[in-house]
Enquirer: 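After the structure tokens below, expect a handful of questions from me.
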Amino acid sequence: MAILQRAQPRIRQVTTAHLTQTMSLLELSRAELNEWLNSSLASNPALEVVEPETCPSCHRPLYHSGLCPMCHPPKDEPIVFLSTPPSRRSSNEETDNLPEVAQPVTLADHLMGQIGPELNAEERSIAQYLLARLDDNGLMPEPPFESARFLHASPALVEKVLHAIQRCDPPGVGALSTVEALLIQIESLAENGSVPAGVREIIAGHLEELAHGEFANIAKSLHLNREAVEEAAHFIKVNLTPYPGRAFYGAGTSRSSSDPDLYREAEMTFRVQPNNPTGPLIVEVYAPLSGRVRVNPEFRQMVRTLTGAEREKWNEKVEEALLIDKCLRQSQNTLLRLASSLAEEQRAFILGTDRELRPLTRAELARRLEVHESTISRAVSNKRAALPNGRIVPIARFFDRSLSVRDMVRSIVSDESKALSDTEIVSLLDKQGVHIARRTVAKYRAMEGILPMSLRRAQHSQHAHGRATA
DNA sequence: CTATGGCACGGATT
DNA sequence: AATCCGTGCCATAG
């Protein structure tokens, strides 16, 4: 199979600006790919979109010559097909009879919905940029003046928009730091009820100590008694979150509050067959457009009649269009094969729990699909998958070596009656056939936000996970 | 003395 | 080549 990296150097020169992106189509997210394609279509008259053939019985677009994967499902392999989001569908393709998988609104959409109405056009485009920059936790990683420089907008205006964002629903979004996010949340809580004494001060100056459970130190430096500090700590734990983007709105599944990717679009959706739950999975991979692109034959014909510089100029466009077409097919093809492999390999994980994730490396999959391993890396990074239970997870998670063990640790701790030490957890895991070092259990614990044994005894039925370090 | 976190090393992964 | 991950060693707190 021709590998993307092999594209001839001659062409590489032709399309400088776009080519770098073309080479890495695989690593673009759904939205980015969309945007890229739109701009390519707009700037290249040689490109045209052709309607796909559709399956005669279900009217689903057929991307490959051959049978419709839904109407003629393969026997053992997963059923994989490309599909286009409803807004971009060409004709009125019938809505599918596929089982519903929750497709939540993105965090950015949610926020834009709140602030959009109050903003004028310029402010809105600033907001759009800012929202796109929010990280997984809903925090703003870049100071307003930098955004302003990038946008060529006045810093004051950018700040104004940012402040508008910060007043929005998941309290704390758009904050520049964890501390700021917490403080904003406090303000929002203070409007409705009272906030225990010391909470603000602890957030502002003693977060580190709080994370380590050093109540005595805090009490001393704030001149409070220990009870007050504990009360404040409890309040913080229950009411505040350092990850504003993850929680608060849209009561999704119980897990959702800790899943930052929930509010991003998925690039593929895994489902079970409604009438054949034990059969192969169905995988829907999203494509930026229904149908496919090609070089407009009339345009090409027209170019042939030109001469000299004119001809050169438009020929470049034709070459570029050819390349775009090729790369698009190439990347979609790999994506489909990747999806299929994942559905097959990680079926148990997709249907079940984290614990059932099989260790799988990118390199291994690359060998199997006969592509370069960097190809897999690109395809996997920056993408998300929707699972049948409605969760949206980063596709990189399919390659997480320790996820299943971390899940075991989590359940060991939640089932414990007498707070276990890391060493004890090691031996419990040993019995279940998992052999890891004590130090490693400690790290997993930290990753899961589980406090050390000594700080774990107290409250058990609390649903909030305490984790406050950056 | 036990439990745990920090640091750093080496090997695997990307 | 850069980064990530599991681990061992050591310091520190209780």
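Quick note on labels: first sequence line is chain A, next is B, and so on, each numbered from 1.
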Enquirer: Across the strands shown, which category fits A/I376 at heavy-atom distances under 4.0 angstrom: base, sugar-phosphate, nothing?
Expert: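 Nothing: the residue A/I376, judged by heavy atoms under 4.0 Å, touches no strand.
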Enquirer: Look at the side-chain N and O atoms of A/S374 and state whether any lies under 4.0 Å from the OP1 or OP2 oxygen of B/dT14.
Expert: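 For A/S374, the contact criterion (side-chain N or O under 4.0 Å from OP1 or OP2 of B/dT14) is not met.
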Enquirer: In whole angstrom, what separates A/L429's CG from C/dT7's P?
Expert: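 My rounded result for the distance is 11 Å.
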Enquirer: Looking only at the side chains, is there a donor atom on one of A/E284 and A/S83 sitting less than 3.5 Å from an acceptor on the other?
Expert: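 Judged by distance alone, the side chains do pair up.
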Enquirer: Could you tell me the separation between the CD atom of A/E373 and the C1' atom of C/dA2, rounded to a whole number of Å?
Expert: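 It is 14 Å, rounded to the nearest whole Å.
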Enquirer: In whole angstrom, what separates A/D400's CG from B/dA12's P?
Expert: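 Computing the A/D400:CG to B/dA12:P distance gives 19 Å.
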Enquirer: Can you measure A/K443 atom NZ to C/dG8 atom P for me and round it to whole angstrom units?
Expert: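 To the nearest whole Å, that distance equals 12 Å.
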Enquirer: Separation of A/R445 atom CZ from B/dG6 atom P, in whole Å?
Expert: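 Value for this atom pair: 11 Å.
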Enquirer: For B/dT14 and A/R362 - does any side-chain N or O of the residue sit under 4.0 Å from the phosphate oxygens OP1/OP2?
Expert: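 A/R362 to B/dT14 OP1/OP2: side-chain N or O found under 4.0 Å.
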Enquirer: Got a donor-acceptor pair under 3.5 Å from the side chain of A/R438 to the base of B/dG5?
Expert: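 Side chain to base: pair present.
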Enquirer: If you look at every strand shown and take non-hydrogen atoms under 4.0 Å, does A/S381 touch a base, only sugar-phosphate, or nothing?
Expert: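 It contacts nothing in the nucleic acid.
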Enquirer: Do the rings of A/Y129 and A/F150 sit parallel, tilted or perpendicular, given the 30° and 60° boundaries?
Expert: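 Rings of A/Y129 and A/F150: parallel, under 30°.
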Enquirer: Charged N to carboxylate O under 4.0 angstrom, A/E373 versus A/R367?
Expert: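 Salt bridge: no.
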Enquirer: Can a donor-acceptor pair be found between the side chains of A/R378 and A/S331 at a distance below 3.5 Å?
Expert: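 Note: A/R378 and A/S331 side chains miss the donor-acceptor criterion.
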Enquirer: Let me know, please, whether A/F399 or A/A442 comes out on the 5' side of the other along DNA chain B by nearest nucleotide.
Expert: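 The residue mapped nearer the 5' terminus is A/A442.
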Enquirer: Using OP1 and OP2 only, check whether a side-chain N or O of A/R439 sits under 4.0 Å from B/dC7.
Expert: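 Negative; the distance criterion is not met.
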Enquirer: Between B/dA3, B/dT13, C/dG8, which nucleotide gets closest to the side-chain atoms of A/T423?
Expert: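 Nearest listed nucleotide: B/dA3.
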Enquirer: Would you kindly give the CZ-to-C1' distance between A/R406 and C/dC5, to the nearest whole Å?
Expert: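 For the pair A/R406 CZ and C/dC5 C1', the rounded distance is 11 Å.
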Enquirer: With the side chain of A/A437 defined as its heavy atoms from C-beta on, choose the nearest nucleotide among B/dA3, B/dT13, C/dG8.
Expert: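 Nucleotide nearest to A/A437's side chain: C/dG8.
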Enquirer: For C/dC5 and A/Y444 - does any side-chain N or O of the residue sit under 4.0 Å from the phosphate oxygens OP1/OP2?
Expert: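 No.
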Enquirer: Is the shortest side-chain N to carboxylate O distance from A/R445 to A/D422 below 4.0 Å?
Expert: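 Yes, charged N to carboxylate O under 4.0 Å.
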Enquirer: To the nearest Å, give me how far apart CG (A/D422) and P (C/dT7) are.
Expert: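 Rounded to the whole Å, the gap is 13 Å.
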Enquirer: Roughly, in whole Å, what's the span from CE in A/M453 to P in C/dA13?
Expert: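 Value for this atom pair: 17 Å.
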